[in-house]
S.K.: 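Let me give you the structure first, and then I'll get to my questions.
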Amino acid sequence: MTDDTAEPDRIEQREVRLAKRRRLLEQGGEAYPVGVPVTTTIASLRERFADLEPDTATGERAAVAGRIVHLRNTGKLCFAALQAGEGPLSAMAGGPHRIQAMVSLDAVGQQSLAEFKALVDLGDQLFVAGEVITSRRGELSIRVDEWRIAAKALLPLPNLHAELSEETRVRSRYLDLIARPAARDMVRTRAVAVASLRSTFAERGYLELETPMLQVQHGGASARPFVTHSNAFDTDLYLRIAPELFLKRAVVGGLERVYEINRNFRNEGADSTHSPEFAMLESYEAYTDYRGIAELEQALVQQAAIAVGGSTTVTWTDGTEFELGGEWDRISMYPSLSEAAGVEITPETPMGDLVALAERLEIEVAHPIRGKYVEELWEHFVKGRLERPTFVMDFPVDTSPLVRDHRSIPGVVEKWDLYVRGFELATGYSELTDPVIQRQRFVEQALLAANGDPDAMRLDEEFLRALEFGMPPTGGLGMGIDRLLMALTGEGIRETILFPLVK
RNA sequence: GGGCCUCUAGCUCAGUCGGUAGAGCAAGGGACUUUUAAUCCCUGGGUCGUGGGUUCGAGCCCCACGGGGCCCA
């Protein structure tokens, strides 16, 4: 909306509710009071009175507030189901965050009952106080002797008995959160998972850092950046595509165990596994290597699974049980590719052979780099076969410019990718610490950039200078937080992000 | 970037051969003191994504643009 004074379109139901708001004010009431005197929460009442017999009076008074999600009037008795946003995880979804309010002629008198019927709508935030009872049908209820509107809803709630359309769910997530317990669960699951990551790091003596999001030079990954402009410095700045080069500077400075959980931005397409803005974990640990980091990654994910669902066996939303427990498989990229393709492929396999094979399979490779061909072929032959969580070890050199050469296998670097649920969940390196080789790798990247690869890395002189002061042997880890949630819940990336980007 | 599907009431959707715009929930009026998507009677609510075109006549056919989804690259 460009016109600040523009009113929403005239909606019949909104007009009706605005009239009720006016009537409420004319009677000296408030449509949006500064507060309501609640004494407890719906969830705790549910917990305390879980097993009451039908038609029981507890003799105990309670005052709660919540959104009206069902409203039924039967003349001299009204029923309103109040829903609170809080509540435990999905194991108990569907009930514990709701309680029924019963507004009867006996308890509130004729005038109050009439006002309730005239002024209260489905969707309003309602405060009620009264005795905790169960109805004849056994529903935990409050026999209301005092009620107040806590916030008047001007717009009608969507139909809670039909699925919201994909677009409404993402565009109006607040409605999705009201309507769908699974949407609320996702928010909590995510918070629990991230808290678990932090506590696993804390147990291992890691420090959480915050490195620049606005960078003079982007680096640390192969991706197209978002560009913005600083007026004060009169210079273009990049939203970071990765924090890697700054976290490594921290390791040079003697911070030997560091991690960061924060947003990265990549100016690329969005689909079910990619978002232009995504939360990323990166960690670095001095005096370990990619094998030690694989052990760390496994612990991080398994601890998160336990924190979220109490077990390393996770249950996805489609009901699938997925095993994240135990020691994860480790396979090697070249041997696994050779076996699946039925042809021996090694780091020495000539470019011509790789191109011929790719063409025969109609695999298009964007840039003519040997490593890219190997990775594309590997994805074609092997990726889809992985069912259990699997570390894929030892990648080609020319696609991994920040990783050190393998200690014993020529042409390969000490890097793994972790595949879970068919997508790449995390990556781990024995970090390249040799400033001379690192400079060469950057120069090779610059050549690719000159040849039109927009994802190629740029040479970062300041980072190289830091390396020249000596960076200890280090293992590093990167994991997408959104993807971790996808692995734990079986949902698509848009469901793991509370407010995904929509045009 | 390419292909396919989709946009109709607040929400979710139907709409026949191109001929007066439909349902459920929600809303308004009425009845009802134990309802669980309460029930019963009555009523209101539409710029059919936007802009063109074809036609006597377009929600429907054609073109362009925009939003959303799925598949491929």
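In what follows, every chain begins at residue 1, and chains take the letters A, B, ... in the order their sequences are listed.
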S.K.: What integer distance in Å separates Arg171(A):CZ from C11(B):P?
M.R.: 13 Å
S.K.: Can you measure Glu163(A) atom CD to U12(B) atom P for me and round it to whole angstrom units?
M.R.: 11 Å
S.K.: Could you let me know what G49(B) is paired to, Watson-Crick or G-U wobble, both distances under 3.5 Å, or none if it's on its own?
M.R.: C65(B)
S.K.: Measuring only the P atom in each nucleotide, how far is C4(B) from U12(B)? A whole number of Å is fine.
M.R.: 26 Å
S.K.: With 3.5 Å as the limit, what N/O pairs link the protein to nucleotides 35-37 of chain B?
M.R.:
unit_1, atom_1, unit_2, atom_2, d
U35(B), OP2, Arg137(A), NE, 2.3
U35(B), OP2, Arg137(A), NH1, 3.1
U35(B), OP2, Arg137(A), NH2, 2.1
U35(B), O2', Arg72(A), NE, 3.0
U35(B), O2, Arg72(A), NE, 2.9
U35(B), O2, Arg72(A), NH2, 3.1
U35(B), O2, Gln100(A), OE1, 3.4
U35(B), N3, Gln100(A), OE1, 2.9
U35(B), N3, Gln100(A), NE2, 3.2
U35(B), O4, Gln100(A), NE2, 2.9
U35(B), O4, Ser135(A), OG, 2.6
U36(B), O2, Glu139(A), OE1, 3.3
A37(B), O4', His161(A), ND1, 3.2
A37(B), O4', His161(A), NE2, 3.0

S.K.: Sort me out a list of protein N/O and nucleotides 29-31 of chain B N/O pairs below 3.5 Å, or just none if empty.
M.R.:
none

S.K.: Which value, in whole Å, describes the distance between the C1' atoms of nucleotides U34(B) and C25(B)?
M.R.: 23 Å
S.K.: Would you call the rings of Trp328(A) and Phe391(A) parallel, tilted or perpendicular if under 30° counts as parallel and over 60° as perpendicular?
M.R.: tilted
S.K.: When the distance from CG of Leu164(A) to P of G69(B) is rounded to whole Å, what number comes out?
M.R.: 15 Å
S.K.: Can you check the Asp106(A) CG to U34(B) P distance for me, whole Å?
M.R.: 11 Å
S.K.: Test side chain to side chain contact (heavy atoms under 4.5 Å, CB included) on Glu277(A) and Phe226(A) and set out the steps.
M.R.: CA-CA 10 Å; Glu277(A) 136 180 40; Phe226(A) 286 95; over 6 Å; no
S.K.: Write down the partner of U33(B) under the Watson-Crick or G-U wobble criteria, each distance required to be under 3.5 Å.
M.R.: none
S.K.: Once you apply the 3.5 Å cut-off to both distances, tell me the Watson-Crick or G-U wobble partner of A38(B), or none.
M.R.: none
S.K.: Under 3.5 Å, side chain of Arg483(A) to main-chain N/O of Ala426(A), donor-acceptor pair present?
M.R.: no
S.K.: Taking a pair as Watson-Crick or G-U wobble with both distances under 3.5 Å, which nucleotide is matched to A27(B)?
M.R.: U43(B)
S.K.: What distance, rounded to whole Å, do you find between the two P atoms, one in G10(B) and one in G46(B)?
M.R.: 8 Å
S.K.: Compare all side-chain heavy atoms of Leu488(A) with those of Leu324(A) and state whether any distance is below 4.5 angstrom.
M.R.: yes
S.K.: Taking side chain as C-beta onward, heavy atoms only, is Val128(A) less than 4.5 Å from Val64(A)?
M.R.: yes
S.K.: Using Watson-Crick or G-U wobble geometry with both distances under 3.5 Å, which nucleotide pairs with G22(B)?
M.R.: C13(B)
S.K.: For U54(B) versus C42(B), give the span between their P atoms, rounded off to a whole number of Å.
M.R.: 46 Å
S.K.: When you measure from the side chain of Arg169(A) to the backbone of Asp176(A), do you find a donor-acceptor pair of N or O atoms at a distance under 3.5 Å?
M.R.: no
S.K.: Nearest whole Å is fine: how far is A73(B) P from Glu379(A) CD?
M.R.: 11 Å
S.K.: Considering only the P atoms, how many Å lie between G24(B) and C71(B), rounded to the nearest integer?
M.R.: 35 Å
S.K.: Give a yes/no on whether any side-chain N or O of Lys117(A) is located under 4.0 angstrom from OP1 or OP2 of U33(B).
M.R.: no
S.K.: Is there a donor and acceptor pair, one atom on the side chain of Glu166(A) and one on the base of G69(B), closer than 3.5 Å?
M.R.: no
S.K.: Do Ile497(A) and Phe278(A) have side chains that get closer than 4.5 Å, going by heavy atoms?
M.R.: no
S.K.: C61(B) and C48(B): how far apart are their C1' atoms, nearest whole angstrom?
M.R.: 16 Å
S.K.: Considering only the C1' atoms, how many Å lie between G68(B) and G28(B), rounded to the nearest integer?
M.R.: 33 Å
S.K.: Applying side chain to side chain contact (heavy atoms under 4.5 Å, CB included), run through Asn262(A) and Arg240(A) and close with a yes or a no.
M.R.: CA-CA 10 Å; Asn262(A) 225 321; Arg240(A) 76 176 187 194; 2.8 Å; yes
S.K.: Are Val132(A) and Phe49(A) close enough, and set up right, to give a side chain to side chain contact (heavy atoms under 4.5 Å, CB included), and what steps lead you there?
M.R.: CA-CA 9 Å; Val132(A) 179; Phe49(A) 299 106; 3.8 Å; yes
S.K.: Rounded to the nearest Å, what distance is computed from the CD atom of residue Glu12(A) to the C1' atom of nucleotide A9(B)?
M.R.: 9 Å
S.K.: Measuring from the side chain of Lys76(A) (C-beta onward, heavy atoms only), which nucleotide among G68(B), G10(B), U33(B) has the closest atom?
M.R.: U33(B)
S.K.: Can you tell me how far C1' of C11(B) sits from CG of Leu122(A), to the nearest Å?
M.R.: 11 Å
S.K.: Measure from CD1 on Ile178(A) to P on A26(B) and round the result to the nearest Å.
M.R.: 17 Å
S.K.: What is the nucleic acid contact for Leu155(A), judged by heavy atoms within less than 4.0 Å: base, sugar-phosphate only, or nothing?
M.R.: nothing
S.K.: Backbone N or O of Thr134(A) within a donor-acceptor pair of the Thr56(A) side chain at under 3.5 Å?
M.R.: no
S.K.: Please report the distance separating the P of C72(B) from the corresponding atom of A21(B), rounded so that it comes out in whole Å.
M.R.: 42 Å
S.K.: Return yes if the base of A26(B) and the side-chain atoms of Gln13(A) contain a donor-acceptor N/O pair under 3.5 Å, otherwise no.
M.R.: yes
S.K.: Before you tell me yes or no, could you show the steps for Asp353(A) and Val343(A) under side chain to side chain contact (heavy atoms under 4.5 Å, CB included), namely the whole-Å CA-CA distance, both residues' side-chain angles and the distance that decides it to 0.1 Å?
M.R.: CA-CA 10 Å; Asp353(A) 294 7; Val343(A) 189; over 6 Å; no
